[in-house]
Amino acid sequence: MNQRLASLLPQDSAQRLFLGLVVVLLTGGATALLLETPLALLPAALAVGLLMVLTEWRTLYYLLFLTLAFSREMPLPGGLSMDVPSEPLLLVLTGCVLATLLMRRDNLPRRELGHPLVIILLLMLFWSVVSTMFSVDTTKSVKYLLAKTWYLVPFGLGTLLLVRRPADVWRLAGLYAIGACLTVLITAAKHAAHGFSFEAVNEAVHPFYRNHVIYATVLALLLPFALYSIRSTRGAEKTAWWVALCILLFGLITSYTRASVLSLPVAGLFYYVVRLRQTRLLLLGALVAVLAGSTYFLSQNNYMLYAPNFEKTVFNGENFEKHLEATYKLQDVSGMERVYRWVAAGRMAAAKPLVGSGPSTFYPEYKRYTVRSFRTYVSENPEKSTTHNYFLLVLAEQGFPGVVLFMVLLGAALITIETLYHRTRPGTQPRYVLLACGLSFVIIVFHLLLNELVEVDKIGSFFFINLFMLIRVGSWAKGEVVRHVTH
């Protein structure tokens with residue numbers, strides 16, 4: 001009996017360290033939730049950070065993804081907020097990554113550090129700094145810059161340091177999928193009590209997700225990883241990924257999120273675009289459509305023709321079919337509230353076309369630029385949400401240079417996916433990693449047309465990871481050996 005019990009306990013120092021970290025973090029997280037303050041998690045975060053800096057911070061990196069699905073937003077003084085435990089962990093990881101690079105400058109190939117995607121990201125960060133100098137709320141903009149830094153360093157440079165083999169990608173995605181699947185099961189149990197009604201879905205996803213859109217987007221972006229992990233693994237691991245795939249699909253379907261369901265066939269269509277080498281034509285068509293649409297709506301104020309009827313614009317929470325019907329009739333309150341914000345964003349950009357209002361300042365600045373004709377029942381906006389379109393958000397907050405840089409980043413990433421697809425051999429691990437990351441990236445980008453999700457920890461993490469994994473796949477495709485880093 002004693003021998004059987006001993007076999008269940010950690011057998012080496014690494015396992016004991018990981019178990020200890022999980023206990024410390026969960027204890028601190030539970031205390032923070034009960035006391036409703038992130039400060040209760042600070043001692044645990046500091047202890048974890050110190051231990052990792054002195055020993056093995058790779059474990060902390062993977063621990064972040066194991067707990068990421070359970071991260072939740074906590075309010076801070078001054079109207080700011082922090083995602084707990086993800087942002088404290090990211091802060092510690094930022095220090096770990098920078099310390100590692102300073103001590104071992106040859107860890108990353110210069111070709112990867114000088115990749116066009118890295119240069120564009122640095123230019124975007126630089127322009128955010130410029131925009132912050134003219135911000136209407138410097139405090140919020142500085143917090144944005146800090147958060148962007150501790151996203152880019154761990155999810156970007158940290159990923160390049162640690163994710164050296166295709167197996168590392170499946171491990172990373174698997175840890176996040178474990179947490180996501182657990183939240184699906186918890187959400188389903190709560191949702192079942194309400195008969196899986198459309199009206200109750202937002203309540204069911206709390207407290208792990210702010211709303212059903214974030215919940216569904218997380219599930220959708222993980223599906224390509226599940227699909228290609230099944231092709232890349234065997235035995236029990238493959239079975240586990242099949243189970244995860246079924247759970248993720250179930251959660252996605254019962255989330256009743258239109259954009260997330262539609263993103264899957266969009267990703268499938270992009271796969272064929274890549275195979276046919278038509279990505280550049282697709283980007284050209286998208287650019288022409290944007291310019292033509294903008295010209296039409298701005299010409300003689302044609303956008304005013306689409307102002308909603310205040311009395312008929314409602315939320316069909318009890319009937320998902322009516323919700324879909326109201327969408328194409330332009331009578332759905334969530335859809336028309338988006339238009340209300342989009343009009344305000346356009347007017348903000350016209351007022352400050354070069355630098356915008358400053359990062360993370362759309363709310364409440366946009367209220368000065370709204371058009372009353374587009375007002376809906378939910379325009380009071382107690383959730384303090386923003387544009388529901390990331391492109392317009394960047395345009396309003398960082399001006400035309402900001403949104404142009406972002407569009408260049410997306411175009412470069414999509415062209416990179418196509419280029420690498422035709423450089424990798426079918427049925428190989430690099431090809432599977434490329435497709436998993438590439439299709440996941442497309443799913444996220446599609447959601448950005450109707451939501452602003454890059455700054456959401458559960459989604460922005462894989463936005464940047466997917467980008468940096470394209471860089472790593474490029475190294476694999478060239479036959480470069482990426483050395484493992486020791487800590």
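Keep in mind that this is a model prediction, so the values were computed, not measured.
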query: Taking it one step at a time, do T387 and L395 satisfy side chain to side chain contact (heavy atoms under 4.5 Å, CB included)?
result: CA-CA 10 Å; T387 54; L395 175 63; over 6 Å; no
task: Assess whether side chain to side chain contact (heavy atoms under 4.5 Å, CB included) is satisfied between S86 and L64, documenting all intermediate values.
output: CA-CA 6 Å; S86 63; L64 169 64; 4.0 Å; yes
Evaluation steps, salt bridge (charged side-chain N to carboxylate O under 4.0 Å, His left out), between E112 and R472: CA-CA 7 Å; E112 291 187 343; R472 178 50 47 80; 2.7 Å; yes
query: Stepwise, does the side chain to side chain contact (heavy atoms under 4.5 Å, CB included) test hold for L93 with V153?
result: CA-CA 8 Å; L93 276 169; V153 173; over 6 Å; no
Evaluation steps, ring pair (Phe, Tyr, Trp, His ring centres under 6.0 Å), between F406 and F391: CA-CA 8 Å; F406 182 68; F391 298 87; 5.4 Å; yes
query: Can you check side chain to side chain contact (heavy atoms under 4.5 Å, CB included) on L227 and W241, steps first, answer last?
result: CA-CA 8 Å; L227 178 63; W241 273 113; over 6 Å; no
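For the atom pair OH of Y62 and CG of L162, the computed distance is 6.0 Å after rounding to the nearest 0.5 Å. In this structure, CZ in F463 is found 14.0 Å from NE2 in H447, a value given to the nearest 0.5 Å. Interatomic distance, I465 CD1 to L160 CG, rounded to the nearest 0.5 Å: 10.5 Å. In this structure, Y215 OH and S260 OG are separated by 11.0 Å, a value rounded to the nearest 0.5 Å. With rounding to the nearest 0.5 angstrom, the OH atom of Y228 is 9.0 Å from the CG atom of L434. Atom-to-atom distance recorded for L439:CG and F441:CZ is 12.0 Å, nearest 0.5 angstrom.
A heavy-atom distance below 4.5 Å is not found between the side chains of Y256 and H212. The closest side-chain heavy-atom distance from L453 to Y390 is not below 4.5 Å. Annotation: side chain of V456 is not in contact with side chain of Y209 (no heavy-atom distance under 4.5 Å). Y176 places none of its side-chain heavy atoms less than 4.5 Å from the side chain of F225. The side-chain heavy atoms of I417 and T279, taken from C-beta on, include no pair separated by under 4.5 Å. Side-chain contact between N451 and T217: absent, with no pair of heavy atoms (C-beta onward) separated by less than 4.5 Å. With contacts defined as side-chain heavy-atom distances shorter than 4.5 Å, the pair W170/Y432 qualifies. Using a 4.5 Å heavy-atom threshold, the side chains of L157 and L152 count as separate.
Between F446 and S263, the shortest heavy-atom contact is CD2-CB, 3.6 Å. The minimum heavy-atom distance between P430 and T424, with the atom names listed, is CB-CG2, 4.1 Å. Annotation for L222 and A177: closest pair CD1-CA, 4.0 Å, computed over non-hydrogen atoms. Closest approach of V433 and P166 over heavy atoms only: CG2-CB, 3.8 Å. In terms of heavy atoms, A412 sits closest to L117 at CB-CD2, 3.9 Å. Taking each heavy atom of P85 and T67 in turn, the nearest pair found is CG-OG1, 4.1 Å.
With N389 contributing its side chain and L392 its backbone, the two residues share a donor-acceptor pair below 3.5 Å. A donor-acceptor contact shorter than 3.5 Å links the side chain of H206 to the backbone of R210. With K458 contributing its side chain and A180 its backbone, the two residues share no donor-acceptor pair below 3.5 Å. Between the side chain of R277 and the main chain of V274, no donor-acceptor pair closer than 3.5 Å is present. At least one donor-acceptor pair closer than 3.5 Å links the side chain of S255 to the backbone N or O of L252. Remark: the backbone N or O of I214 is paired with a side-chain donor or acceptor of N211 at under 3.5 angstrom.
Checked by atom type, the side-chain pair S360/E397 shows no donor-acceptor distance below 3.5 Å. Under 3.5 Å, the side chains of E87 and W150 contain a donor-acceptor pair of N or O atoms. For the 3.5 Å distance criterion, the side chains of Y61 and T159 qualify, holding a donor opposite an acceptor.
In the displayed structure, R423 atom CZ is contacted under 6.0 Å by at most 12 heavy atoms of other residues, nucleotides or ligands.
With S141 as reference, S135 is the one residue of S131, S135, S357 to meet the side-chain hydrogen bond (donor to acceptor under 3.5 Å, both in side chains) rule.
A cation-pi arrangement is present between R431 and Y421, with the terminal nitrogen or guanidinium carbon under 6.0 Å from the aromatic centre and inside a 45° cone about the axis.
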